[in-house]
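Predicted, not measured: the structure shown is a model, and the values here were computed from it.
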Amino acid sequence: MALVGFLGLGTMGAAMAGRLLESGQPVRVWNRTASAADALEDAGAERAGTAYEAIATGLFFSMLANDAAAEATFTAEALAAAPAGSLHVCHSTLSLAATDRLVEMHRRAGVDYVAAPVLGRANVAASGTLNIVAAGAPAAVERARPYLDILGKRTWVVGAEPSTANLVKIGVNYNLIHALQALAESVTLVEQGGVDGETFVEILTDAAFAGSAYTGYGALIARKAYSPPGFTVALGLKDLALTEQAAAAYGVTLPTASVLRQIFETALADPALADLDWSAIAEVTRGLVQPG
């Protein structure tokens with residue numbers, strides 16, 4: 001199997017790169033904080049000293065935190081390291097505008113670009129059961145598919161324009177944010193009436209809301225089990241901002257977005273919550289309970 005590159009070794013990126021390694025795929029890994037590659041190197045990955053070295057594999061994957069990190073990494077100078085016929089599969093959740101800029105940057109460098117944001121937490125990535133939303137030129141998507149099949153249980157191809165995949169991921173995350181807040185409000189309500197939060201979540205998810213968002217995040221909220229974070233409050237606010245930007249681009253009014261932003265900003269301003277899992281926004285609602 002040909003060597004591939006993987007750039008961005010945060011919680012999700014490390015799990016995904018590890019999954020490729022476990023499948024027998026040789027991987028050259030890179031991260032801005034070099035120590036993040038230590039465990040993967042111990043597991044058999046080749047360490048890249050620079051992003052250029054990972055890009056030079058000609059088939060490289062990325063999972064970077066945000067627009068700024070992606071655009072700082074995939075510059076014209078960096079992409080010049082890519083050999084002819086290269087492909088970049090970007091798993092990051094990015095804004096539509098940043099995705100379009102990156103697509104143009106890659107086009108100028110002669111590098112194919114597939115956007116393939118993922119649905120699932122790090123444990124799901126490690127087991128290779130992610131859902132993946134992909135968009136890009138059909139031939140490029142098909143070239144990426146064997147690797148996507150290692151990383152996920154299903155790949156949903158939603159179009160030829162890479163930004164379409166990010167639009168779908170943004171829409172999914174907006175629903176997740178609402179689910180977190182709905183759980184926060186209903187759990188807080190029944191707790192104030194003397195009902196155990198975990199019992200309530202069990203009732204809620206046995207029939208009416210059996211999906212992984214409610215069963216997984218419901219348990220975290222009921223137990224206040226927000227650490228270690230699978231996805232931080234800051235990243236949640238980032239994804240909410242991406243939703244607001246996409247809505248503005250399409251002329252869509254989102255009536256609850258401003259309320260959700262206020263909740264995330266309140267959580268992020270609280271040192272006790274800021275570094276926790278994004279489901280910790282529930283503590284903002286718990287904090288609104290009136291005494292007496």
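- Between the side chains of K169 and T93, at least one donor-acceptor pair of N or O atoms lies under 3.5 Å.
- With salt bridges taken as basic N to acidic carboxylate O contacts below 4.0 Å, none links R101 and E104.
- The closest side-chain donor-acceptor pair between T33 and S35, if any, does not fall under 3.5 angstrom.
- Checking R121 against Y217 by side-chain atom types alone, a donor-acceptor pair falls below 3.5 Å.
- Side chains of H91 and S62: a donor-acceptor N/O pair is absent below 3.5 angstrom, by distance only.
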Query - side-chain hydrogen bond (donor to acceptor under 3.5 Å, both in side chains) evaluation trace for W30 with Y52 - result: CA-CA 9 Å; W30 174 85; Y52 294 20; over 6 Å; no

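- Connection of W278 to L242 is established within a shared hydrophobic cluster, with ILVMFWY side chains joined at heavy-atom distances below 4.5 Å, either directly or through further cluster members.
- Looking at N66 and L94, their side chains never come closer than 4.5 Å, going by heavy atoms from C-beta outward.
- Residues F6 and F60 place their aromatic rings such that the two centres sit no closer than 6.0 Å.
- Side-chain contact between V157 and V133: absent, with no pair of heavy atoms (C-beta onward) separated by less than 4.5 Å.
- Annotation: side chain of V289 is in contact with side chain of Q192 (closest heavy-atom distance under 4.5 Å).
- Hydrophobic clustering, with ILVMFWY side chains joined whenever heavy atoms are under 4.5 angstrom apart, groups Y174 together with F231.
- Using a cutoff of 4.0 Å between basic side-chain nitrogens and carboxylate oxygens, E53 and R47 are not scored as salt-bridged.
- By the rule that hydrophobic residues join a cluster once side-chain heavy atoms approach within less than 4.5 Å of another member, I177 and V118 end up as members of separate clusters.
- Here the side chains of L87 and V114 are in contact, with some heavy-atom distance below 4.5 Å.
- Within the 3.5 Å criterion, the main-chain N or O of L64 finds a donor-acceptor partner in the side chain of S92.
- For the pair L254 and V252, the minimum side-chain heavy-atom distance is below 4.5 Å.
- For the pair P229/L276, no side-chain contact is recorded, criterion being any heavy-atom separation below 4.5 Å from C-beta on.
- Linking Ile, Leu, Val, Met, Phe, Trp and Tyr residues whenever their side-chain heavy atoms come within less than 4.5 Å leaves L7 and M12 in two separate clusters.
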